[in-house]
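In what follows, chains are A, B, ... by sequence order, proteins preceding strands, each numbered from 1.
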There are 2 protein chains.
Amino acid sequence: MSLASDMIRGHTDTIILAQLLKEDSYGYKINRAIVEKTGGLFELKEATLYTAFRRLEQSGCITSYWGDENTGARRKYYSITPHGVEEYNRMVAQWEQSAGLLQRLIYPE
Amino acid sequence: MSLASDMIRGHTDTIILAQLLKEDSYGYKINRAIVEKTGGLFELKEATLYTAFRRLEQSGCITSYWGDENTGARRKYYSITPHGVEEYNRMVAQWEQSAGLLQRLIYPE
DNA sequence: TTATATACCTCGTCTGTCAAGGTATATAAC
DNA sequence: GTTATATACCTTGACAGACGAGGTATATAA
């Protein structure tokens with residue numbers, strides 16, 4: 001595992017939920033958006049991405065439906081649920097808190 | 001695992017090295033310093049702490065020696081090595097980069 | 001002698017990540 | 001026609017870090 005991944009570890013769900021706040025989307029597109037936003041510095045590995053979708057759907061944070069494209073590969077779309085929005089807000093608050101803690105901890109004195 | 005722990009995951013080594021930059025120290029004291037610095041909001045679990053010491057010593061980032069207390073429980077002191085300092089600097093840079101990436105990723109738009 | 005604080009350690013489990021593999025559709029190149 | 005690339009989904013098995021639960025030992029205070 002790369003160091004950057006270890007740093008992002010635990011935030012995968014938050015990142016995905018953030019993408020879904022704006023509009024429904026599907027795995028491939030979400031990953032492209034992440035790569036673009038970070039200027040190619042970060043991407044979610046496919047296995048990680050689809051594991052996260054399963055986890056989020058099981059916990060009621062997202063729901064899914066198949067798109068009705070009549071051309072190209074099929075797409076599975078995801079929607080964020082009200083519970084997902086709550087969880088998102090909670091996770092962002094957690095991130096802000098733990099980022100603050102780390103700032104205090106990783107610099108000497 | 002608590003959410004906060006998952007956020008800190010991967011930063012344990014950096015936190016420990018940061019403590020050792022100032023002076024040699026031992027496990028129990030390092031943990032107390034962390035609890036104090038974060039106002040009790042975070043602590044390293046003992047199993048995590050001693051796993052990290054083993055990992056850091058094996059990778060040449062720290063060395064250890066037994067203290068010569070003639071009272072109380074024995075203490076195992078750790079020193080950061082030049083290689084450990086390098087690693088620390090690398091990890092801090094990584095943290096700063098990934099914190100920036102996350103800022104861009106966890107907020108919509 | 002019982003409790004608390006200090007101080008160290010290990011074992012086994014859990015969870016998130018990811019390499020490696022797979023399937024299927026559409027387009028462009030040769 | 002077939003080979004390559006892009007799109008788009010998925011699963012399996014292994015790995016690594018975190019940690020609950022247990023253990024050992026010393027000193028002091030109740």
Side-chain angles (χ1 to χ4, degrees), chain A residues 1-17 24-36 42-59 61-62 64-78 91 94 98 101-102 105, chain B residues 1-17 24-36 42-59 61-62 64-78 91 94 98 102:
Chain A
M1 202 191 312
S2 73
L3 229 189
S5 300
D6 224 1
M7 305 246 160
I8 266 86
R9 189 192 171 104
H11 302 290
T12 307
D13 294 5
T14 317
I15 292 169
I16 291 172
L17 291 180
D24 291 7
S25 190
Y26 54 98
Y28 196 84
K29 191 180 177 190
I30 288 174
N31 219 3
R32 290 322 235 30
I34 290 169
V35 172
E36 211 190 310
F42 184 65
E43 59 161 345
L44 288 174
K45 300 306 177 308
E46 288 200 359
T48 306
L49 186 66
Y50 292 111
T51 301
F53 282 140
R54 216 179 308 131
R55 188 167 54 235
L56 285 167
E57 193 157 23
Q58 269 173 3
S59 63
C61 289
I62 58 175
S64 65
Y65 57 94
W66 287 101
D68 58 351
E69 295 77 35
N70 40 21
T71 181
R74 66 196 178 147
R75 297 170 179 170
K76 195 175 189 177
Y77 284 85
Y78 294 96
M91 287 170 178
Q94 280 269 342
S98 44
L101 294 183
L102 271 172
L105 291 174
Chain B
M1 200 191 310
S2 72
L3 229 188
S5 300
D6 222 1
M7 304 244 162
I8 266 86
R9 191 194 168 102
H11 302 290
T12 307
D13 294 6
T14 318
I15 291 169
I16 292 173
L17 291 180
D24 291 7
S25 190
Y26 55 97
Y28 196 84
K29 191 180 177 189
I30 289 174
N31 219 2
R32 290 322 234 30
I34 290 169
V35 171
E36 210 189 311
F42 184 65
E43 60 161 343
L44 287 174
K45 300 307 176 310
E46 287 199 0
T48 305
L49 185 68
Y50 292 109
T51 301
F53 282 140
R54 216 180 308 130
R55 187 167 53 236
L56 285 167
E57 193 157 23
Q58 269 173 4
S59 63
C61 289
I62 59 176
S64 65
Y65 56 93
W66 287 102
D68 58 352
E69 296 77 35
N70 39 23
T71 181
R74 67 199 177 145
R75 298 172 179 169
K76 195 175 190 178
Y77 284 86
Y78 294 95
M91 286 171 179
Q94 281 269 343
S98 44
L102 270 172

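In this model, the phosphate group of C/dT6 is not approached by any side-chain N or O of B/K29 to a distance below 4.0 Å at OP1 or OP2. The side chain of A/R74 places no N or O atom within less than 4.0 Å of a non-bridging phosphate oxygen (OP1 or OP2) of D/dC9. In terms of phosphate contacts, A/Y26 brings a side-chain nitrogen or oxygen within less than 4.0 Å of OP1 or OP2 of D/dA8.
For the pair A/E46 CD and D/dG13 C1', the computed distance is 17 Å after rounding to whole Å. A straight line from OH of B/Y50 to P of C/dC9 spans 6 Å, rounded to a whole angstrom. Across the protein-nucleic acid pair, B/N70 atom CG and D/dA27 atom C1' stand 13 Å apart, rounded to whole Å. Note: NZ (A/K45) to C1' (D/dA16) measures 16 Å, nearest angstrom. For the pair B/E57 CD and C/dC8 P, the interatomic distance rounds to 13 Å; values are reported in whole Å. Rounded to a whole Å, the CZ atom of A/R9 is 6 Å from the C1' atom of C/dT15. When the P atom of C/dC9 is taken as reference, atom CG of B/L49 falls 9 Å away, rounded to whole Å. Taking atom NE2 on B/H11 and atom P on D/dA16, their separation rounds to 19 Å, with Å as the unit.
Aromatic ring orientation, A/Y26 versus A/Y77: perpendicular (interplanar angle above 60°, classes split at 30° and 60°).
Screening B/F53, B/Y50, B/W66 against B/Y78 for a ring-ring contact (aromatic ring centres under 6.0 Å, His included) leaves a single residue, B/F53.
Summary of the strand contacts: A/D13 and B/A47 both lie near DNA chain C, and taking for each the nucleotide with the nearest heavy atom, the more 5' one is attributed to B/A47. Nearest-nucleotide assignment on DNA chain D puts the 5′-proximal partner with A/W66, out of A/W66 and B/A73. Map B/Y78 and B/R32 each onto its nearest nucleotide of DNA chain C; the residue landing nearer the 5' end is B/R32.
Using the Watson-Crick or G-U wobble rule with both distances under 3.5 Å, D/dT28 pairs with C/dA3. Under the Watson-Crick and G-U wobble criteria, each requiring two contacts below 3.5 Å, nucleotide D/dT2 is paired to C/dA29.
Relative to the side chain of A/R54, the nucleotides D/dT11, C/dC8, D/dC9 differ in distance, and D/dT11 lies closest. Looking at the side chain of A/T48, the nearest of the listed nucleotides D/dC9, C/dT17, D/dG20 is C/dT17.
In this structure the side chain of B/I8 reaches within 4.5 angstrom of the side chain of B/I15, judged on heavy atoms. At a threshold of 4.5 Å between non-hydrogen side-chain atoms, the residues A/Y65 and A/D24 count as touching.
Using a 4.0 Å heavy-atom criterion, one finds that B/T12 contacts the sugar-phosphate atoms exclusively. Using a 4.0 Å heavy-atom cutoff across all strands shown, B/T71 reaches sugar-phosphate atoms only and no base atom.
B/E69 CD: more than 12 foreign heavy atoms inside a 6.0 Å radius.
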